[in-house]
Amino acid sequence: SQNNFYFVTICTHNKALLFGLGERLTDYGECAEKCLLTIHSVFPCVRLDKYVIMPNHIHAIIVIDHDTAASMYAGPTLGTVIGNYKAAVSREIHQIDPNQIVWQARYYDHVIRNQQDYEAVWR
């Protein structure tokens, strides 16, 4: 829940190729993107900086900033943000296929320490 930039990787269950075919997003990939783009509306002190959706995982740079004017409450932890995101994507995908298991149980995160680290992560 610290103010910071976080690099996050979230993988699909069993690394299934759910989100894309080549450079084109599937319907599931579009659900994943739509939910990414709404994180700020759910958590006003959280914003999506950059992201890329790959066929079986997502990379994103997520910024938590409790000092923003929109943040009137103790903000969420990164785990809460990711859990909410994964649940939202699963709900959307389950409207298409109720039996589809979408996510691996965990995710990878890295605190971005400085500009050089930020640039390396984004490359």
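Quick note: numbers below take in every heavy atom, side chains included, and nothing from hydrogens, waters or symmetry partners. These numbers come from a predicted model, not from an experiment. We number each residue from 1, following the sequence as shown.
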Practice item. Could you tell me whether the side chains of H110 and D117 share a donor-acceptor contact shorter than 3.5 Å? Key: yes

Point to revise | Distance in Å, D65 CG paired with F43 CZ, rounded so as to fall on 0.5 Å steps | key: 15.5 Å

Review point. Roughly how far, to the nearest 0.5 Å, is the CD atom of E30 from the CD1 atom of I96?
Key: 9.0 Å

Who are the side chain to side chain donor-acceptor pair (under 3.5 Å) partners of [X], not counting sequence neighbours?
X    : value
Q116 : none
E33  : Y51
T9   : H59

Study note, to complete from the structure: Nearest heavy-atom contact between C45 and P76 is SG-CD, 3.6 Å

Review point. What is the minimum heavy-atom distance between D109 and Y107, and which atoms define it?
Key: OD1-CE1, 3.6 Å

Practice item. Could you work out the complete set of other residues in the hydrophobic cluster of V52, with links drawn between I, L, V, M, F, W and Y side chains under 4.5 Å apart? Key: M54

Point to revise | Members besides F7 in its Ile/Leu/Val/Met/Phe/Trp/Tyr cluster (side-chain heavy atoms under 4.5 Å) | key: F5, I61, V63, Y108, I112, Y118, V121, W122

Practice item. Would you mind reporting whether V8 and L78 have side-chain heavy atoms less than 4.5 Å apart? Key: yes

**Study point:** Within-4.5 Å side-chain heavy-atom neighbours: T38 and H40
**Key:** no

Revision key, fill the gap. Residues at least two apart in sequence or cross-chain that pass salt bridge (Lys or Arg N to Asp or Glu O under 4.0 Å) with R47, listed by chain then number, are D49

Report, one line per pair, each donor and acceptor closer than 3.5 Å where one atom sits in a side chain of residues 80-87; sequence neighbours left out.
{"from": "T80", "atom 1": "OG1", "to": "T77", "atom 2": "OG1", "distance (Å)": "3.0"}
{"from": "Y85", "atom 1": "OH", "to": "A32", "atom 2": "O", "distance (Å)": "2.9"}
{"from": "K86", "atom 1": "NZ", "to": "Q104", "atom 2": "O", "distance (Å)": "2.9"}
{"from": "K86", "atom 1": "NZ", "to": "A105", "atom 2": "O", "distance (Å)": "3.3"}

Practice item. Please test L36 against I58 for side chain to side chain contact (heavy atoms under 4.5 Å, CB included), starting from the C-alpha separation and ending with a verdict. Key: CA-CA 10 Å; L36 263 179; I58 293 170; 4.0 Å; yes

Point to revise | Pairing residues for R106 by the side chain to side chain contact (heavy atoms under 4.5 Å, CB included) criterion, not counting sequence neighbours | key: none

Practice item. Taking side chain to side chain contact (heavy atoms under 4.5 Å, CB included) as the test, write out the residues that go with E119, two or more places apart. Key: Q115, R123

Practice item. Scan residues 92-103 for pairs that pass salt bridge (Lys or Arg N to Asp or Glu O under 4.0 Å), counting only residues two or more places apart or in two chains. Key: K34-E92

Exercise for review: Give a yes or no on whether the backbone of I10 and the side-chain of H57 come within a donor-acceptor separation of less than 3.5 Å.
Suggested key: no

Review point. Short question: side chain of N3, backbone of H66 - any donor-acceptor pair under 3.5 Å?
Key: yes

Would you be so kind as to tabulate the donor-acceptor pairs closer than 3.5 Å made by side chains of residues 12-26, with sequence neighbours excluded?
{"from": "T12", "atom 1": "OG1", "to": "A16", "atom 2": "N", "distance (Å)": "3.0"}
{"from": "T12", "atom 1": "OG1", "to": "A16", "atom 2": "O", "distance (Å)": "2.7"}
{"from": "T12", "atom 1": "OG1", "to": "N56", "atom 2": "O", "distance (Å)": "3.1"}
{"from": "T26", "atom 1": "OG1", "to": "L18", "atom 2": "O", "distance (Å)": "2.5"}
{"from": "T26", "atom 1": "OG1", "to": "F19", "atom 2": "O", "distance (Å)": "3.4"}
{"from": "T26", "atom 1": "OG1", "to": "Y28", "atom 2": "N", "distance (Å)": "3.3"}
{"from": "T26", "atom 1": "OG1", "to": "G29", "atom 2": "N", "distance (Å)": "3.1"}

Check your understanding: Linking I/L/V/M/F/W/Y whenever their side-chain heavy atoms sit closer than 4.5 Å, directly or via other members, would I101 and I93 fall into one cluster?
Key -> no

Review point. When you look at S90 and W103, which way does the side chain to side chain contact (heavy atoms under 4.5 Å, CB included) test go after all the steps?
Key: CA-CA 8 Å; S90 293; W103 300 111; 3.4 Å; yes

